[in-house]
Amino acid sequence: MFRTPSLRRAGLVTAALALLLTACSAGSTAEPSGTQPSATQPSATQPTGTQGSAAPTTAPADPSETDPASPSSTPAPASDAALAVGFVLAPESLDFTQVDGAAIPQALLVNVYEGLVKVDDNGTIVPALAKSWTVSPDRKTYTFQLQEGVRFSNGDPFTAEDAVFSINRVKTDWKISVKAKMDIVAKAVAVSDTELTVTLKRPSNNWLYDMTSRVGAMFSTDGVADLADKPIGTGPYVFVSYTPGDRMVLERNDGYWGTPPAVKTVTLRYFKDPNAMNNALLTGDIQVISSVQTPESISQFSDTSRFQVIDGTSTGEVLLTLNNGSGATADLKVRQAISYALDRKAILDIAWSGYGTLIGSHEAPTDPWFTDLSGAYPFDPEKAKELLKEAGKENLTLRLTLPPVPYATAAAPLIISQLADVGITVKDTAVTFDTWIQQVLINADYDMTIINHVEPRDLATLWGDPTYYTRYDNPEVQRLLVAGDEGTPEQQVTDYRKVVQILSDDAASVWLWSFPNLVVAAADVRGLAQNAVSESFDLTTLSVG
Amino acid sequence: MKGSPKHRNSLLVAGAVLIGIVVLAAVVSFFWTPFSPVFTDVRNPAAPPGRGGHLLGTDRLGRDTLTWLMVGAQTTLKVGVIAVGIAAVVGTPIGILAGMTRRRWSEVIMRANDVLLAFPALLVALILAAKYGASITSSMVAIGIASVPGFVRVIRAGTIQVMGTDYVQAARIAGLRGPAIAVRHVLPNVFGLIIVQVSVAYAIAILAEAALSFLGLGAPPSVPSWGRMLNEAQSMLSVQPMIAVWPGLAIAVAVLGLNLLGDGLRDRFDPRMITRQVRP
């Protein structure tokens with residue numbers, strides 16, 4: 001069996017973009033503005049777990065009994081060490097309240113900005129600026145007890161007033177698409193300096209999870225004037241400087257309320273070309289590659305006395321998305337034929353060197369509702385031909401629109417070849433990221449496309465909204481998704497399981513593989529997270545030596 | 001600097017043979033290739049030459065290298081004709097004009113040229129792609145436009161030199177007008193420069209095409225091109241370096257062939273050479 005590592009979701013995209021780099025701003029479009037971003041933004045991921053057999057144990061949003069963050073490992077002592085970490089996706093701006101893009105929260109969230117809660121390496125929600133919280137019996141009101149003695153990097157104390165300000169500001173001042181996640185909030189009230197209540201319009205299992213993402217970041221009431229150049233947060237690192245497209249420097253926050261990070265200075269280096277980033281690690285210019293974009297060349301880091309390879313999971317699913325709303329792919333038999341025609345194991349082994357996990361529906365191996373459906377459509381070209389015949393589509397020509405991302409460019413030729421074997425002619429077009437967003441994501445003018453949906457728990461985004469580019473319209477699925485969000489965590493698992501089963505039965509798309517979190521670092525770097533669990537690249541746990 | 005006429009002739013022949021190989025490969029690929037260009041041999045990815053019936057091996061996705069080289073020759077020729085053609089046809093007259101006109105006009109032309117030089121090819125490609133859709137042709141046109149300033153600069157410098165020679169002065173005194181001087185004296189004398197610039201621009205265009213394709217501004221992944229092969233081979237250098245060697249060799253053959261052919265042609269047509277040849 002092959003290994004199943006996973007990589008930071010942002011990675012792919014980044015990689016791709018990286019290459020592009022030169023190209024205009026594509027580099028930072030990770031998250032399509034104005035549309036549902038799930039496709040590209042690296043966001044939080046979630047539970048880790050054992051591959052394949054995800055333990056659907058605790059629904060992550062079961063807050064009533066959160067215990068203080070349990071330090072899974074003892075933190076390394078603060079030192080004067082410096083680290084350089086390589087990324088491929090550079091921020092266009094530093095203000096993630098106004099500008100879409102995965103690169104900004106990747107650098108700043110958790111490190112410079114903190115939320116009330118965050119996800120740990122297992123995807124469980126744990127306390128951050130909130131010491132603890134309780135949920136009312138009707139599951140609509142959350143009461144947070146906040147940490148005391150917390151200060152922003154501009155010296156202001158952090159109080160419940162700041163939290164109310166930050167939550168309300170999402171609705172009033174934010175411009176990016178994910179701000180919609182806060183629409184469910186009816187009101188936020190500061191009961192005292194350290195107590196905050198938030199009332200939702202309806203019960204939601206997903207809201208607290210969303211609070212771990214960028215929309216949950218806490219800002220100072222008078223520290224938001226110049227977020228694009230001067231981020232002010234409560235985090236363990238303070239922002240020092242950013243040279244656009246080149247590097248960002250962060251330094252340890254000496255007044256940090258929690259455990260100070262071990263590394264004093266972290267430089268985030270941005271590379272336009274993944275091969276250049278590989279070389280930078282080989283020559284010691286950087287110590288960490290945040291996400292490997294060229295898994296086929298990972299063997300150059302096989303010297304374990306110099307390098308370590310971290311191979312975990314992410315919440316990204318790489319899809320061969322089929323247009324359920326129009327064209328030949330609106331026909332169930334055609335979609336099933338495509339599913340049977342593809343040898344997904346061969347595609348994963350060759351296109352992504354076997355890094356990743358085969359999945360059979362829209363789920364990460366670590367989702368609580370994960371069911372292994374990867375065997376639902378075994379590789380069977382004969383059956384595919386039969387289905388096409390039944391559908392009367394024996395001489396089918398389909399368009400494949402490709403965004404400039406490495407996994408898509410690598411997987412496409414294999415898919416085209418295998419579909420040709422069952423009589424489907426594929427006309428592929430490579431487009432820029434902006435064009436992809438306009439043409440595919442917004443206009444749904446496509447038959448097939450390949451994209452890594454990196455957002456954690458994005459079932460509802462993709463399959464619950466018939467106007468989304470998948471054009472998947474199934475009232476039963478929509479009902480189950482809403483019921484699952486409003487119900488108990490156990491109910492959510494049951495309902496969402498039904499949803500992923502229906503999606504598989506409908507062959508709503510071809511789920512190629514679950515994206516790995518693949519990180520390479522110098523051998524003496526410690527504290528790297530095994531799994532990509534959030535929108536952020538967590539620097540706070542790193543140490544050297 | 002040149003040897004005997006025979007030696008010069010052999011350059012021409014060598015160049016013609018190399019370019020002939022490229023053309024032949026392109027023509028044959030229309031009718032026959034060892035494998036289908038879309039076929040990916042999943043059992044033999046990154047195969048060394050010979051394995052699984054792949055004469056030159058396969059790339060990392062299992063595509064037959066020989067097939068891709070043959071079909072890629074079509075793309076390469078397209079690059080030459082469109083991109084370099086535009087640059088040479090537009091850039092040469094402008095360069096000659098800039099070299100022959102009065103100082104003030106020359107300055108205007110050259111400053112405008114500098115502006116174009118500073119204008120990234122990528123931006124041109126984006127504009128064209130937005131207007132006409134991304135395709136190999138629009139990316140070629142973009143590269144062609146971006147290569148114009150190089151021609152203008154080189155040709156202008158050559159023209160100024162020619163304009164200072166005695167025979168041009170004599171032609172002027174004899175009452176020959178500008179256009180006639182340009183055609184009869186300047187053009188033949190800068191022909192060598194054009195050829196050199198063509199081969200330089202050509203090599204750049206092949207690689208630029210690959211870069212643009214990678215950005216989604218050129219050919220889709222299923223269209224073979226040498227530049228793309230070379231580009232994709234980068235990450236495999238440490239694993240299977242042969243994947244990069246073949247397209248590199250092919251590009252070298254095409255560029256070298258063009259150089260030799262150009263040199264040979266220049267020798268044939270260069271008036272100075274002819275004179276020298278005739279003189280005992």
Side-chain angles (χ1 to χ4, degrees), chain A residues 15-17 19-24 26 273-276 278 282 292-302 343 345-347 349-351 353 399-406 408-421 425-436 438, chain B residues 35-47 58-64 68 120-131 133-136 139 208 210-225 228-229 231-241 243-244:
Chain A
L17 295 181
L19 300 180
L20 310 192
L21 82 154
T22 21
C24 61
D273 172 19
N275 291 306
N278 292 345
L282 286 170
V292 175
Q293 302 303 315
T294 56
E296 68 273 18
S297 67
I298 207 162
S299 60
Q300 63 189 318
F301 301 111
S302 56
D343 182 354
K345 166 121 173 54
I347 293 171
D349 284 352
I350 294 174
S353 302
R399 294 170 296 160
L400 173 61
T401 312
L402 297 167
V405 287
T409 323
L414 297 156
I415 289 168
I416 293 169
S417 173
Q418 292 173 7
L419 290 181
D421 289 343
T425 308
V426 177
K427 294 239 175 297
D428 59 330
T429 329
V431 297
T432 62
F433 216 77
D434 292 334
T435 309
W436 185 85
Q438 189 60 43
Chain B
F35 290 84
S36 155
V38 302
F39 175 67
T40 55
D41 188 343
V42 297
R43 277 175 306 278
N44 292 300
T58 61
D59 71 4
R60 84 174 182 94
L61 300 177
R63 292 173 295 197
D64 183 64
W68 266 57
L122 196 73
L123 211 52
V124 180
L126 276 171
I127 293 167
L128 288 175
K131 187 116 204 325
S135 72
I136 197 157
S139 71
L212 289 178
S213 295
F214 206 92
L215 298 181
L217 292 170
S222 61
V223 172
S225 91
R228 177 192 291 280
M229 292 171 77
N231 201 332
E232 290 181 354
Q234 272 187 83
S235 61
M236 295 296 284
L237 276 178
S238 60
V239 186
Q240 178 55 275
I243 295 174

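Scope of the values below: all heavy atoms of this structure, side chains included, with no hydrogens, waters or symmetry mates. Numbered from 1 within each chain, the chains take letters A, B, ... in sequence-line order.
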Under 4.5 Å from any heavy atom of chain A - which part of [X]:
X: B:S238; result: side chain
X: B:V239; result: side chain
X: B:R63; result: side chain

Tell me, out of A:S299, A:A410, A:A420, who's got the most heavy-atom pairs with chain B below 4.5 Å.
A:A410
In terms of heavy-atom pairs under 4.5 Å, which option from A:I350, A:D343, A:N278, A:I347 contacts chain B the most?
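Highest number of heavy-atom pairs under 4.5 Å: A:I350.
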Kindly write out the residues that satisfy ring-ring contact (aromatic ring centres under 6.0 Å, His included) with B:F35, not counting sequence neighbours, or none if the list is empty.
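For B:F35 the ring-ring contact (aromatic ring centres under 6.0 Å, His included) partners, ignoring immediate neighbours, are B:F39, B:H54.
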With only heavy atoms counted, which part of A:A346 is less than 4.5 Å from chain B, the side chain, the backbone, both or neither?
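Contact with chain B is through the side chain of A:A346 alone.
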Spell out, as yes or no, whether a donor-acceptor pair under 3.5 Å connects the side chain of A:W436 to the backbone of A:L402.
no
Any side-chain heavy-atom pair from A:T409 and B:R228 closer than 4.5 angstrom?
yes
Return the set of residues passing side chain to side chain donor-acceptor pair (under 3.5 Å) with A:Q300 (not counting sequence neighbours), or none when no residue passes.
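Only A:S297 meet the side chain to side chain donor-acceptor pair (under 3.5 Å) criterion with A:Q300.
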What's the spacing between A:L400 CG and A:I416 CD1 if we round to 0.5 Å?
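CD1 of A:I416 is found 5.5 Å from CG of A:L400.
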